[in-house]
Number of protein chains: 2
Amino acid sequence: MPKQRAKGPQQLQGGSAPSPITLGGRRVTILDVAERADVSVSAVSKVVRGAYGVSPQMQTRVTAAIEELGYRPHTGARTMRGRSYTVGVVLVELTSPFQTEVAQGVSDALTDTPYQDVIVTGGTTPERQTRSIEALLDRQVDGLLLVAPWLDAESIDKFAKIVPTVTIALHGSPVGFDTVVDDERLGARLMVDHLVANGHRRIVHTSMPSAAWEKKFVLSHTARRQGFEQAMRGHGLEPDIIETWYSEQGGHDAAMQALTRSKPPTAIFAGADISALGTLRAAEELGLQVPEDLSVVGYDNIYASTINRVSLTTVDQSGQHTGEAAVRCLMERIEGRTEPKKFVVAPELVVRGTSGAPAKRTKRQRTPAAS
Amino acid sequence: MPKQRAKGPQQLQGGSAPSPITLGGRRVTILDVAERADVSVSAVSKVVRGAYGVSPQMQTRVTAAIEELGYRPHTGARTMRGRSYTVGVVLVELTSPFQTEVAQGVSDALTDTPYQDVIVTGGTTPERQTRSIEALLDRQVDGLLLVAPWLDAESIDKFAKIVPTVTIALHGSPVGFDTVVDDERLGARLMVDHLVANGHRRIVHTSMPSAAWEKKFVLSHTARRQGFEQAMRGHGLEPDIIETWYSEQGGHDAAMQALTRSKPPTAIFAGADISALGTLRAAEELGLQVPEDLSVVGYDNIYASTINRVSLTTVDQSGQHTGEAAVRCLMERIEGRTEPKKFVVAPELVVRGTSGAPAKRTKRQRTPAAS
DNA sequence: GGCCGCGTGTGCAACGTTCTACGAACAAGG
DNA sequence: CCTTGTTCGTAGAACGTTGCACACGCGGCC
């Protein structure tokens with residue numbers, strides 16, 4: 001048995017003891033456990049951490065005392081010398097379905113480890129993101145999981161120097177940290193292929209402006225747009241992009257712009273489901289039948305897209321798997337790995353009711369009435 | 001100036017100093033600041049905490065040093081003697097739109113305070129809830145915000161003894177903690193009134209079973225069901241309830257059960273929007289027009305309900321306001337209040353396209369074809 | 001002038017844990 | 001019997017902060 005190799009730290013979060021003896025309302029400390037088991041504090045610490053050099057007798061003795069007293073380590077005190085057993089997850093907003101799914105995946109992947117995840121929101125500005133991350137750093141998290149961070153690579157590298165870091169949905173070649181991404185260029189290609197196979201030629205992609213700091217790394221929307229461009233050129237088609245914002249209103253506005261042209265598209269590929277919903281509203285307002293007059297597709301497979309009445313064709317990226325992969329990367333980093341890793345999750349095309357072949361019409365005509 | 005009254009603790013989370021001097025990669029400590037400002041450690045601590053007994057000169061001097069060095073207090077160390085400036089928020093799941101909205105409200109309300117919110121998920125079992133709360137307690141949170149906790153009153157009281165606690169969406173009369181609730185009995189009544197005013201008499205409410213521990217306190221679904229019963233009786237109608245689960249499938253199943261009766265209802269009041277969506281699917285499968293053949297309404301006003309193609313009549317409860325109110329309660333408790341408080345947020349009826357008058361028919365007939 | 005009180009600043013003992021360094025006990029090999 | 005090694009257990013110094021207890025200096029009042 002190699003000497004330095006420690007066993008995994010003992011699980012200490014699995015519910016409290018049946019009837020913990022309270023010591024005058026005071027929290028039970030490692031000292032109380034040591035007294036009860038009649039061993040040294042260090043010994044208890046060893047057992048708790050699953051460190052090397054404890055006999056089976058010691059193990060059982062201390063464990064019994066811990067159970068009896070309902071001892072739980074004080075995380076604050078722990079952070080002063082060792083770990084906090086806490087992983088910080090930074091999401092942009094709680095309202096993003098993909099991001100919360102990722103967080104759920106993280107949570108699930110962490111349940112069998114001694115680590116606990118805590119979630120904070122970071123918003124869409126570098127300032128707020130920085131603020132949130134620093135708050136986590138103040139709390140001495142052992143790892144950082146940044147989901148779609150609105151932050152330049154230098155800033156992320158700075159944080160990654162302090163604590164193991166994994167980013168999610170940030171496309172690029174990492175140096176000091178790991179990345180887990182959905183292959184959004186592939187996803188965009190799958191969708192373009194689907195539309196082209198259905199006979200579409202005039203396809204508009206609605207996107208949003210890239211942030212100034214997106215250089216070495218790009219966020220999802222930029223990756224999707226690039227994938228769209230590549231795929232269209234691959235089919236010998238000229239990419240046609242309208243930039244608004246990933247929102248219902250943004251999708252509506254972009255669609256209005258596209259559909260009131262003299263030569264409107266037969267398909268609109270919204271960069272996100274949320275804007276595809278706005279696109280559907282625009283189509284309805286213009287009296288266009290979907291998918292007969294216009295195919296509308298999105299990306300993300302949010303819950304609303306699955307609803308019977310919506311039934312949006314989209315691309316699914318498993319947030320669950322993404323979160324799990326991110327946790328694996330992070331654990332490896334916490335264990336000591338330093339060379340960067342890049343994990344790619346495969347997206348999947350989900351064909352539903354809003355896409356189809358464009359209607360064959362001998363003469364171009366529009367009838368904006370007839371609800 | 002009263003002696004014991006401390007000023008509010010100084011804000012220390014607002015972004016780092018422009019160019020923090022790093023001391024060999026080590027974190028800047030209060031000692032470094034003290035040396036730099038040539039004062040005692042205690043003095044720096046006083047300034048940081050905004051404690052009583054600092055002269056303006058001291059204030060500016062120390063603040064300058066803090067800025068120059070980019071000092072940030074170590075939360076772990078802080079918890080050993082004082083506060084962690086952390087508020088723990090326990091949600092059931094990240095996928096619940098109302099709960100994430102509450103969390104967002106909490107986050108917003110906390111931005112101008114020195115407190116930081118961290119979110120964890122607690123699931124729908126007492127065991128997991130306990131586990132999550134204990135993880136937060138290990139991290140010495142200064143306050144606990146429990147959103148729809150699946151936990152009996154005794155357990156919550158136990159935690160409330162350790163740390164200031166506010167529950168959200170838990171109906172009852174609290175003793176050791178505060179509650180913030182949406183008036184769900186009123187919300188249910190508003191909806192019943194709306195349906196009855198439209199001429200409905202046969203109204204089915206779809207709910208879910210109450211948990212065994214719901215005695216002194218009840219969760220939202222139970223409060224809604226009670227509100228439904230009261231409102232129906234108020235109109236001289238017999239309450240008709242089907243219990244499945246708050247989910248798309250649950251709503252579908254309940255609707256199928258109700259609609260295949262010999263005397264089916266003219267309106268289904270789903271206890272939650274999510275199940276109303278399943279109800280809509282069931283209606284479609286049976287070839288029923290909504291709202292002509294069947295009115296379908298929900299509760300929660302989730303995002304999907306707002307979509308043009310769904311347009312579900314529902315009840316809105318502002319998660320944002322709820323979160324803000326909860327933070328106010330919690331801050332008061334942290335400041336020392338001990339008598340329990342109960343805050344009630346008013347719900348609002350949102351009439352959309354899925355509710356209307358039942359079709360007048362001389363003879364009862366069903367035509368389940370004709371899409 | 002001595003005393004009190006007040007306003008400021010400081011010294012230092014906690015707080016609960018980790019982990020290095022070391023000691024004790026014991027076994028095996030020369 | 002001494003040395004060497006291995007295994008198990010312990011002592012005790014950190015870690016960064018808080019806040020009590022106290023010291024100091026300065027006016028004002030008897």
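Within every chain, numbering begins at 1; the chains are lettered A, B, ... in the order of the sequence lines, protein sequences first and strands thereafter.
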Given DNA chain C, 5'-ward residue of the pair Gly82(A) and Val41(B), judged by closest heavy atom: Val41(B)
Quick check for you: among dT17(C), dG16(D), dC19(C), whose closest atom lies nearest to any side-chain atom of Thr29(B)? dG16(D)
Contact under 4.0 Å: Arg27(A) side-chain N or O vs dG16(C) OP1/OP2: no
Side-chain H-bond candidate by donor/acceptor type, Arg139(B) with Thr86(B), under 3.5 Å: no
Output the rounded distance in Å from CG (Leu31(A)) to P (dT10(D)). 13 Å
Of Lys46(A) and Ile30(A), the one whose closest DNA chain C nucleotide lies more 5': Ile30(A)
Establish, from distance only, whether the side-chain atoms of Ser107(B) and Asp117(B) form a donor-acceptor pair under 3.5 Å. yes
Under the 3.5 Å rule, do the base of dA11(D) and the side chain of Ser40(A) count as making a donor-acceptor pair? no
Nearest-angstrom distance from the residue atom CD of Gln140(B) to C1' of dG16(D): 15 Å
Side-chain N or O of Arg78(A) closer than 4.0 Å to phosphate OP1/OP2 of dT18(C): yes
Rounded to whole Å, please give me the gap between NE2 in His74(A) and P in dG16(D). 16 Å
Length of the line joining Arg81(A):CZ and dA13(D):C1', which is rounded to integer Å: 8 Å
Would you classify Ser45(A) as touching base, sugar-phosphate or nothing, given that sugar-phosphate means primed atoms plus P, OP1 and OP2, and contacts are heavy atoms under 4.0 Å? base
Send over the distance from Asp138(B) CG to dT17(C) C1', rounded to a whole Å. 13 Å
Return the value, rounded to whole Å, for the distance between atom CE of Met80(A) and atom P of dA14(C). 17 Å
Please pick, from dC15(C), dT7(D), dT10(D), the nucleotide with the shortest atom-to-atom distance to any side-chain atom of Tyr52(A). dT7(D)
Which word best sums up how the rings of Trp213(B) and Trp150(B) line up, parallel for under 30°, tilted for 30 to 60°, or perpendicular for over 60°? perpendicular
Determine: side-chain N/O of Arg49(B) to OP1/OP2 of dG19(D), distance under 4.0 Å, yes or no. yes
By nearest atom, which of the nucleotides dG19(D), dG16(C), dT18(C) is closest to the Ser42(B) side chain? dG19(D)
Nearest 0.5 angstrom please: Ile156(B) CD1 to Thr165(B) OG1, how far? 8.5 Å
Rounded to whole Å, the CZ-C1' distance (Arg61(B) to dG9(C)) equals 12 Å
Do the side chain of Arg27(B) and the main chain of Arg72(B) share a donor and acceptor less than 3.5 angstrom apart? yes
When the distance from CD of Gln59(A) to C1' of dG9(D) is rounded to whole Å, what number comes out? 14 Å
Minimum-distance nucleotide to Ser55(B) side chain [options: dC19(C), dG9(C), dG16(C)]: dG9(C)
